Student: 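If you scroll down you'll find the structure; I have some questions about it.
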Amino acid sequence: MSSFQTGHIGLNVTDLTKSLDFYQRVFGFTSAGESQHEGRRYAFLSQDGTLVLTLWQQSEGRFATARPGLHHLSFRVADLAAVRKAEAVIREIGATLHHDGVVPHGEGASSGGVFFEDPDGIRLEIFAPDGGGDRPAPTSGAPTCGFF
């Protein structure tokens with residue numbers, strides 16, 4: 001059987017300019033080009049020369065958590081310092097941040113991170129193997145990767 005890994009991810013957004021700014025500021029992604037297809041604008045975002053995201057301006061409204069589809073999109077970073085750096089940017093730009101910052105994935109877990117939303121309400125996570133920090137796990141009963 002073949003081994004699979006995620007390639008790039010395509011997201012529908014309502015405002016390409018706003019979303020580009022968000023993903024470039026929070027994640028440090030670089031623009032790898034913009035274009036249009038059948039009147040729809042789209043942009044490629046890369047990291048270290050590798051395509052990571054394609055943003056398609058073809059949506060209206062907010063991300064619908066009650067419908068089938070994406071639950072959340074998770075990005076792994078090397079360490080807690082990288083999570084904290086992203087958290088600072090998330091707070092600076094005023095994005096919706098859940099659990100008031102860095103939390104472990106579960107009680108006693110060493111891994112953890114920040115859980116937040118992009119401008120369209122798409123749920124995101126940035127975590128590290130040592131990202132649990134010194135905070136207790138949220139008490140919602142579910143692990144934080146099920147943060148809603």
Side-chain angles (χ1 to χ4, degrees), residues 1-78 80 82-106 109 111-129 131-133 135 137-148:
M1 179 174 241
S2 296
S3 176
F4 295 91
Q5 69 179 38
T6 304
H8 78 277
I9 297 159
L11 298 175
N12 290 334
V13 300
T14 58
D15 182 329
L16 185 61
T17 302
K18 189 175 185 177
S19 292
L20 275 170
D21 181 60
F22 175 86
Y23 283 95
Q24 288 173 321
R25 288 185 65 189
V26 172
F27 294 92
F29 296 150
T30 57
S31 177
E34 294 182 42
S35 193
Q36 286 192 27
H37 178 70
E38 297 179 0
R40 296 178 180 155
R41 291 178 56 214
Y42 64 93
F44 298 112
L45 291 171
S46 65
Q47 183 175 46
D48 301 324
T50 300
L51 179 61
V52 178
L53 284 177
T54 304
L55 302 175
W56 287 87
Q57 183 175 300
Q58 60 184 19
S59 298
E60 297 177 2
R62 301 266 308 153
F63 178 73
T65 59
R67 299 187 56 99
L70 179 75
H71 182 273
H72 72 284
L73 183 56
S74 177
F75 294 88
R76 181 181 174 147
V77 293
L80 180 58
V83 174
R84 292 277 188 209
K85 182 178 176 183
E87 178 188 16
V89 175
I90 293 161
R91 288 182 186 279
E92 176 185 309
I93 65 176
T96 299
L97 181 66
H98 296 274
H99 308 305
D100 196 32
V102 175
V103 292
H105 279 134
S111 65
V114 290
F115 301 87
F116 58 104
E117 295 176 14
D118 82 350
D120 292 302
I122 296 171
R123 302 177 304 188
L124 303 165
E125 169 188 9
I126 297 175
F127 80 97
R135 298 197 51 212
T139 58
S140 65
T144 52
C145 59
F147 63 108
F148 294 91

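The basis for the numbers below is simple: all heavy atoms, side chains too, and nothing from hydrogens, waters or symmetry mates. The model shown is predicted, which means the values in this text are computed figures rather than measured ones.
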Student: Do you know the tightest heavy-atom contact between Gly101 and Glu87?
Tutor: CA-OE2, 3.2 Å
Student: Rounded to the nearest 0.5 Å, what separates atom CZ in Phe115 from atom CD1 in Ile126?
Tutor: 10.5 Å
Student: Please round to the nearest 0.5 Å and tell me the distance separating atom OG1 of Thr14 and atom CD of Gln58.
Tutor: 11.5 Å
Student: Would you call Asp118 and Arg62 a salt bridge, taking side-chain N to carboxylate O under 4.0 Å as the test?
Tutor: no
Student: Taking the side chain as every heavy atom from C-beta outward, state whether Tyr23 and Val52 have any atom pair closer than 4.5 Å.
Tutor: no
Student: Would you find a donor on one side and an acceptor on the other, under 3.5 Å apart, between the side chain of Arg123 and the backbone of His71?
Tutor: yes
Student: For Leu124, run the side chain to side chain contact (heavy atoms under 4.5 Å, CB included) check against Leu73, Val114, Thr96 and tell me which one passes.
Tutor: Leu73
Student: What is the ring orientation for Phe116 with Phe27, classed by angle as parallel under 30°, tilted 30 to 60°, or perpendicular over 60°?
Tutor: tilted
Student: With rounding to the nearest 0.5 Å, note down the distance linking CZ in Phe22 to CD1 in Ile93.
Tutor: 5.0 Å
Student: Taking the side chain as everything from C-beta on, heavy atoms only, tell me whether Leu20 gets closer than 4.5 Å to Glu34.
Tutor: yes
Student: Hey, could you give me the NE2/OG1 distance between His8 and Thr6, rounded to the nearest 0.5 Å?
Tutor: 11.5 Å
Student: If you define the side chain from C-beta out and look only at heavy atoms, does anything of Leu55 sit under 4.5 Å from Leu16?
Tutor: yes
Student: Looking at Glu125 and Ser74, what are the two nearest heavy atoms and their distance?
Tutor: OE1-OG, 3.1 Å
Student: Could you state the interatomic distance from CD1 (Ile122) to OG (Ser59), rounded to the nearest 0.5 Å?
Tutor: 7.5 Å
Student: Does Gln36, at its CD atom, have more than 12 non-hydrogen atoms belonging to other residues, nucleotides or ligands within less than 6.0 Å?
Tutor: yes
Student: Where is the tightest heavy-atom contact between Arg91 and Asp100, given as atom of each residue plus distance?
Tutor: NH2-O, 2.9 Å
Student: Which pair of heavy atoms, one from Ser19 and one from Asp120, lies closest together, and at what distance?
Tutor: OG-OD2, 3.6 Å
Student: Quick one: closest heavy-atom pair of Leu45 and Leu51, and the distance?
Tutor: O-CD1, 3.5 Å
Student: Which pair of heavy atoms, one from Glu117 and one from Gly121, lies closest together, and at what distance?
Tutor: OE1-CA, 3.6 Å
Student: What orientation do His37 and Trp56 show, parallel under 30°, tilted 30 to 60°, or perpendicular over 60°?
Tutor: perpendicular
Student: Let me see the working for Arg41 and Thr17 under side-chain contact (heavy atoms from CB on, under 4.5 Å), right down to the final yes or no.
Tutor: CA-CA 10 Å; Arg41 291 178 56 214; Thr17 302; 3.7 Å; yes
Student: Is there a side-chain contact between Lys18 and Val13 (heavy atoms, below 4.5 Å)?
Tutor: no
Student: Going through the checks in order, is the side chain to side chain donor-acceptor pair (under 3.5 Å) test met by Ser46 and Thr30?
Tutor: CA-CA 5 Å; Ser46 65; Thr30 57; 3.2 Å; yes
Student: To the nearest 0.5 Å, how far apart are CG in Leu11 and CZ in Phe63?
Tutor: 9.0 Å
